[in-house]
Amino acid sequence: MNVELEKQRAAEAAAELVEDGMTVGLGTGSTVAYLLPALARRGLSLRCVATSPRTEEAALALDLRVEPFGSIDRFDITIDGADQIAPDGWLVKGGGAAHTREKIVAAAADRFVAVADSSKQVTALHPPVPLELLEFGLAATMRLLHPVTLRDAPRSPDGGVIADYQGAVDDVAGLATVPRRA
């Protein structure tokens, strides 16, 4: 099966998890492009928050109700893509450069559903791992996270600098925590 058909089928299956009256977090990326029409076809009454201007525009064009995040404090479900999926359930996300928004919306959801094709399955997570960094203290942050490279990419929707962690991904839980100095 080709990757695009896999993405479409996965997105359509995820859309079937959504029920009338739900609050829905909408992720960003190529797989979400298949999710939005599948949701719209169902004709449900939903309250959605989009994690990027691109997702918001596409959802509104399909007559999905998109609200500002401030009007919803929790989601019944958030659906988003993934860049890498390891057998132990760890994910790498953020290739679409809406990292912070995606993670906040996912954390506010009762249920998070990652939609991906088979090319996203990996035996172990590996670099590059996308990051969104603040401009404030950028050099210090990059020193703490070393090795990190900046992308030649537009800023995130909230003005974040897009970078990639290039180091080992052996201790995923350790990498997911804030580094501290002794």
Side-chain angles (χ1 to χ4, degrees), residues 2-4 6-7 10-11 14 24-36 49-58 69 74-75 77-182:
N2 78 36
V3 169
E4 290 305 311
E6 286 181 13
K7 285 182 190 182
V24 182
L26 302 172
T28 298
S30 61
T31 308
V32 174
Y34 291 112
L35 172 69
L36 299 177
V49 168
T51 57
S52 72
R54 183 179 56 196
T55 297
E56 181 175 4
E57 290 169 12
F69 192 11
R74 64 163 276 289
F75 301 94
I77 190 169
T78 291
I79 304 171
D80 201 353
D83 300 320
Q84 299 179 45
I85 304 173
D88 59 4
W90 282 98
L91 303 174
V92 169
K93 296 190 41 44
H99 309 55
T100 303
R101 288 183 180 201
E102 289 177 341
K103 286 162 185 66
I104 291 170
V105 170
D110 294 340
R111 184 175 186 190
F112 174 76
V113 176
V115 179
D117 61 79
S118 61
S119 73
K120 307 300 182 176
Q121 295 174 330
V122 296
T123 56
L125 300 182
H126 57 81
V129 176
L131 306 171
E132 179 178 345
L133 307 174
L134 294 176
E135 180 73 41
F136 180 83
L138 182 61
T141 301
M142 289 181 64
R143 182 176 47 77
L144 282 171
L145 298 176
H146 181 76
V148 174
T149 56
L150 294 177
R151 279 195 209 166
D152 182 20
R155 299 282 180 122
S156 74
D158 297 302
V161 176
I162 307 303
D164 290 301
Y165 173 73
Q166 301 290 351
V169 189
D170 301 331
D171 177 14
V172 180
L175 286 173
T177 63
V178 177
R180 298 185 187 249
R181 294 274 180 218

Inter-residue atom distance Glu132.CD - Lys103.NZ, 0.5 Å rounding: 8.5 Å
Closest heavy-atom pair and its distance - Phe112, Ala106: CD1-CB, 3.6 Å
For the side chain to side chain contact (heavy atoms under 4.5 Å, CB included) test, which of Arg101, His99, Glu56 pairs with Thr51? Arg101
Indicate whether the side chain of Asp158 and that of Ser156 have a donor and an acceptor atom separated by less than 3.5 Å. no
Any side-chain heavy-atom pair of Ile79 and Val32 under 4.5 Å: no
Got a second to check how far Ser30's OG is from Leu35's CG, nearest 0.5 Å? 12.0 Å
Are any of the side-chain heavy atoms of Leu125 and Val129 separated by less than 4.5 Å? no
Return the minimal non-hydrogen interatomic distance between Val105 and Thr78, and the atom names on each side. O-OG1, 3.2 Å
For the atom pair OG1 (Thr28) and CD (Glu102), what is the distance rounded to the nearest 0.5 Å? 4.5 Å
Between atom CG of Leu138 and atom CZ of Arg143, what is the distance when rounded to the nearest 0.5 Å? 12.0 Å
Are Glu135 and Arg155 close enough for a salt bridge, meaning some N to O gap below 4.0 Å? yes
Any chance you could measure Ile162, atom CD1, to Asp152, atom CG, to the nearest 0.5 Å? 12.0 Å
Stepwise side chain to side chain contact (heavy atoms under 4.5 Å, CB included) test for Val113 and Ile77: CA-CA 7 Å; Val113 176; Ile77 190 169; 3.7 Å; yes
From Phe69 CZ over to Ile104 CD1, what is the distance, rounded to the nearest 0.5 angstrom? 6.5 Å
Could you please spell out the steps behind the side chain to side chain contact (heavy atoms under 4.5 Å, CB included) verdict for Leu175 and Tyr165? CA-CA 10 Å; Leu175 286 173; Tyr165 173 73; 3.8 Å; yes
Taking Lys7 first and then Glu4, would you say they form a salt bridge - that is, a charged N and a carboxylate O separated by under 4.0 Å? yes
Does the side chain of Leu150 come within less than 4.5 Å of Val161's, by heavy atoms? yes
Grab the two heavy atoms, one from Asp164 and one from Pro130, that are nearest each other, plus how far apart they are. OD1-CA, 3.4 Å
Going by heavy atoms in the side chains, are Val115 and Asp80 under 4.5 Å from each other? no
Could you check whether any side-chain heavy atom of Leu145 comes within less than 4.5 Å of a side-chain heavy atom of Leu133, counting everything from C-beta outward? yes
Within a strict 4.5 Å, meaning less than it, do heavy atoms of the Leu91 and Gln84 side chains meet? no
Pair Phe75, Val24 - check side chain to side chain contact (heavy atoms under 4.5 Å, CB included), show working. CA-CA 6 Å; Phe75 301 94; Val24 182; 5.7 Å; no
Do you know which two heavy atoms are closest between Ala82 and Ala116, and how far apart they sit? O-CB, 4.5 Å
Under 4.5 Å between any side-chain heavy atoms of Leu36 and Thr55, yes or no? yes
What are the two closest non-hydrogen atoms of Thr31 and Ala11, and how far apart are they? O-CB, 3.8 Å
Quick check: closest heavy atoms across Pro157 and Ala98, and the distance to 0.1 Å? CD-CA, 4.2 Å
